[in-house]
Amino acid sequence: MDKVWLKHYPAGVPAEVRTDLYASLVALLEQGFARHAALPAYKYMGRSFSFAEIDACSRAFAAYLQSLGLARGDRVAVMLPNVPQYPVAVAAILRAGLVVVNVNPLYTARELEHQLKDSGARAIVVLENFAATLQQVIDAVPTEHVILASMGDLLGSLQRPLVNHVVRKLKKLVPPFQLPDAVRFKDALAQGRTIGLSPVAVGPDDIAVLQYTGGTTGVSKGAVLLHRNLVANVLQSEAWNRPALQQIPPGQQPTTVCALPLYHIFGFTTNMMLSLHIGGCNILIPNARDIGALLKELSKHRFHSFPAVNTLFNAIAHHPAFHSVDWSHLVLSVGGGMAVQQGTARLWLQKTGCPIVEGYGLSETSPSATCNPVDSTAYSGHIGMPLPNTELKLLDDAGLEVGPGLAGEIAIRGPQVMAGYWQRPDETAKVMTRDGFFRTGDIGMVDERGAFRIVDRKKDMILVSGFNVYPNEIEDLVSSLPGVLECAAFGVPDAKAGEAVKLVVVKKDDELTEAEIRSFCEAHLTGYKRPKSIEFRAELPKSTIGKILRRELREARA
């Protein structure tokens with residue numbers, strides 16, 4: 001189409017941004033560290049960390065990683081929640097010429113083993129709270145070096161032991177583990193300070209991050225995000241957000257609530273990298289599921305930006321402690337990761353005075369591809385317009401662009417689109433067109449202003465609180481349970497999570513119980529992937545070639 005959306009961009013947002021201003025994420029972050037050295041970069045458990053402190057710690061940790069003999073391009077897994085060690089580790093890995101492999105800390109042993117094997121990660125930085133999971137697989141994966149972090153590592157000498165004691169002894173959040181060869185994060189920093197970093201020339205086409213995502217096969221794949229992909233998306237996002245950021249009074253540092261997990265690409269780019277670029281501060285929220293604790297923390301701060309998923313906006317708006325927080329400085333609420341529901345958007349605007357601006361993207365697009373104008377005054381129900389330097393079109397099953405007013409598969413082209421899937425040229429070929437568009441699997445429509453909306457999903461993916469759940473993964477696992485003849489997983493509407501997983505099972509053993517299936521899923525699946533409801537049936541609907549028809553199950557439920 002003819003980029004009609006450009007005519008409806010907010011004032012001050014360019015149609016194109018220069019994405020070649022930085023040769024790499026390393027160049028971008030080093031300029032950010034130098035330019036904003038004295039400003040606070042993160043606030044965590046009552047302590048403020050300056051950009052200069054994060055800079056110094058990351059240099060030391062990068063030197064330590066180099067001392068392990070890791071070679072340029074080697075992968076290093078990061079299995080951390082929102083703690084200060086996360087940005088330190090990421091900056092260090094990139095500065096050492098290595099590749100970040102983001103790992104969900106809540107992964108089960110099975111999921112962790114797959115990701116470490118597939119990525120070939122030679123080292124991992126893991127919070128001790130999740131070390132027991134790593135212990136289960138460490139002998140089966142290529143990971144040679146383990147760096148063990150604790151919640152209080154970077155806090156002061158008085159607060160550090162207190163926080164660690166509470167986490168370990170009182171709250172009992174650290175299950176027993178044995179990783180005898182692991183090195184403590186604090187010790188790694190101390191060693192690195194005595195070595196010194198050897199600078200590595202990193203270029204735009206070097207791999208920066210492997211961001212794992214699912215697929216229609218149910219096998220988790222690593223989206224290969226190059227340095228230039230992520231640099232571009234930071235600069236695109238900065239340009240798009242400019243009209244809102246300009247509302248921040250002079251002299252106030254842009255401050256963002258960091259409740260999105262930084263290991264998720266939404267938080268990685270929107271919170272960490274964008275704030276680093278513009279000199280913004282992030283309020284780190286280690287556990288956003290504890291809404292009471294989140295609001296208690298926010299009551300101590302003045303903040304301007306809040307990127308989140310619909311479920312979090314909704315939970316906060318309904319919490320009795322909502323009014324303990326000063327929302328009057330909020331100028332930007334960005335909704336992504338899952339569809340923003342109209343009721344949530346209406347309530348959020350009513351209670352904060354700041355409308356939720358919905359955006360859209362995927363791990364494969366670093367992630368932001370579209371967004372509603374940040375000067376919007378109300379919820380639109382659209383995913384917005386393509387960001388600068390970004391094109392969208394709608395394709396039919398043959399890959400041809402559909403006519404006006406028709407629905408088609410959303411395809412995206414722009415500098416933020418991944419290089420492909422890690423070591424999976426076959427999967428890459430399925431989603432990339434010859435002219436460089438990424439086929440998302442989402443079915444959309446576009447209006448006369450160039451604003452897109454999603455109307456259906458080509459894939460059978462289930463979106464639980466912003467996280468992708470792929471039915472094949474669940475079905476493959478459950479079908480391995482003795483007593484299961486066949487099964488099908490699909491998404492059903494859920495007031496809290498947007499969607500929830502429903503599992504329909506055909507038994508071959510009458511003694512099989514729902515409790516047994518739930519116990520099996522708890523042992524092998526992360527919480528958000530576990531079926532919320534389980535139904536037993538005598539048979540499943542199938543096509544003439546024997547393919548289970550999940551759509552019929554969904555429609556039968558409706």
Side-chain angles (χ1 to χ4, degrees), residues 77 79 103-119 130 132-141 212-222 263 363 421-422 424 427 441 457 459-492 494 497-542 546-554 557:
M79 192 173 181
V103 179
N104 185 338
L106 299 180
Y107 268 173
T108 64
R110 181 186 69 87
E111 293 162 324
L112 177 60
E113 180 178 350
H114 166 73
Q115 192 162 329
L116 294 179
K117 281 182 173 177
D118 189 77
S119 66
F130 313 106
T133 306
L134 178 61
Q135 180 191 334
Q136 295 177 55
V137 304
I138 193 66
D139 292 334
V141 298
Y212 274 76
T213 183
T216 53
T217 62
V219 177
S220 184
K221 308 182 294 292
Y263 60 80
S363 296
Y421 291 119
W422 176 248
R424 293 224 163 82
E427 291 290 331
R457 229 180 254 123
K459 301 172 185 173
D460 283 318
M461 182 186 75
I462 308 163
L463 204 58
V464 181
S465 294
F467 289 92
N468 295 351
V469 179
Y470 293 87
N472 278 27
E473 180 183 11
I474 298 167
E475 292 164 2
D476 289 346
L477 178 73
V478 175
S479 64
S480 70
L481 183 64
V484 173
L485 179 63
E486 57 187 10
C487 60
F490 56 98
V492 295
D494 183 84
E499 284 187 309
V501 178
K502 176 164 184 176
L503 181 70
V504 178
V505 176
V506 178
K507 296 191 283 188
K508 62 181 177 184
D509 179 356
D510 287 338
E511 295 181 3
L512 180 69
T513 65
E514 180 177 332
E516 285 178 275
I517 296 174
R518 289 195 181 281
S519 177
F520 188 71
C521 290
E522 285 175 8
H524 297 286
L525 291 171
T526 305
Y528 65 85
K529 296 181 182 178
R530 297 170 193 161
K532 186 171 183 180
S533 60
I534 297 174
E535 177 184 344
F536 292 103
R537 289 196 183 189
E539 60 181 9
L540 297 177
K542 294 174 185 167
K547 183 179 179 180
I548 294 172
L549 301 173
R550 298 193 190 104
R551 182 179 293 275
E552 285 195 16
L553 289 169
R554 284 194 297 267
R557 182 193 175 279

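Computed over heavy atoms, backbone and side chain alike; hydrogens, waters and symmetry mates excluded.
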Enter the distance from [X]:[atom1] to [Y]:[atom2] here, rounded to the nearest 0.5 Å.
{"X": "Ile462", "Y": "Phe467", "atom1": "CD1", "atom2": "CZ", "answer": "15.0 Å"}
{"X": "Leu512", "Y": "Leu481", "atom1": "CG", "atom2": "CG", "answer": "5.5 Å"}
{"X": "Leu549", "Y": "Leu540", "atom1": "CG", "atom2": "CG", "answer": "9.5 Å"}

If you compare all heavy atoms of [X] against all heavy atoms of [Y], which two are closest, and at what distance to 0.1 Å?
{"X": "Val484", "Y": "Ser479", "value": "CG1-CA, 4.0 Å"}
{"X": "Cys521", "Y": "Val478", "value": "SG-CG2, 3.9 Å"}
{"X": "Glu552", "Y": "Pro541", "value": "OE1-CB, 3.3 Å"}
{"X": "Tyr107", "Y": "Gln115", "value": "CE1-OE1, 3.0 Å"}
{"X": "Ser220", "Y": "Arg424", "value": "O-NH1, 3.6 Å"}

Any donor-acceptor N or O pair under 3.5 Å, side chains [X], [Y]:
{"X": "Tyr212", "Y": "Asp118", "answer": "yes"}
{"X": "Glu111", "Y": "Thr526", "answer": "yes"}
{"X": "Glu522", "Y": "Ser519", "answer": "no"}

Residues two or more places apart in sequence or in another chain: which of them pass salt bridge (charged side-chain N to carboxylate O under 4.0 Å, His left out) with Glu514?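 With sequence neighbours excluded, Glu514 shows a salt bridge (charged side-chain N to carboxylate O under 4.0 Å, His left out) to Arg518, given in chain and number order.
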
List in chain and number order the residues that pass salt bridge (charged side-chain N to carboxylate O under 4.0 Å, His left out) with Arg530, two or more places apart in sequence or in another chain; answer none if no residue qualifies.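 Counting only residues at least two positions away or on another chain, Arg530 forms no salt bridge (charged side-chain N to carboxylate O under 4.0 Å, His left out).
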
By side-chain contact (heavy atoms from CB on, under 4.5 Å), which residues pair with [X], not counting sequence neighbours?
{"X": "Ser363", "value": "Gln211, Thr213, Ile265"}
{"X": "Lys508", "value": "Leu485"}
{"X": "Arg110", "value": "Thr108, Glu473, Leu477, His524, Leu525"}

State, with a plain yes or no, whether a side-chain heavy atom of [X] is found less than 4.5 Å away from one of [Y].
{"X": "Tyr528", "Y": "Val469", "value": "yes"}
{"X": "Trp422", "Y": "Lys221", "value": "no"}
{"X": "Glu113", "Y": "Val141", "value": "yes"}
{"X": "Tyr263", "Y": "Pro105", "value": "yes"}
{"X": "Pro531", "Y": "Lys502", "value": "no"}
{"X": "Leu106", "Y": "Phe130", "value": "yes"}
{"X": "Leu503", "Y": "Cys487", "value": "yes"}

Determine whether a donor-acceptor pair (N or O, by modelled atom type, separation under 3.5 Å) exists between the side chain of Glu475 and the backbone of Ala489.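 Pair found, side chain donor or acceptor close to backbone of Ala489.
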
Could you tell me whether a side-chain N or O of Glu535 sits under 3.5 Å from a main-chain N or O of Val504, the two making a donor and an acceptor?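 Judged by distance alone, no pair lies under 3.5 Å.
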
Residues Asp494, Glu499; criterion side-chain contact (heavy atoms from CB on, under 4.5 Å); working and verdict: CA-CA 5 Å; Asp494 183 84; Glu499 284 187 309; 5.6 Å; no

Name all residues meeting the ring-ring contact (aromatic ring centres under 6.0 Å, His included) criterion together with His114; count only those two or more places apart in sequence or in a different chain, and write none if there are none.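 With sequence neighbours excluded, His114 shows a ring-ring contact (aromatic ring centres under 6.0 Å, His included) to no residue whatsoever.
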
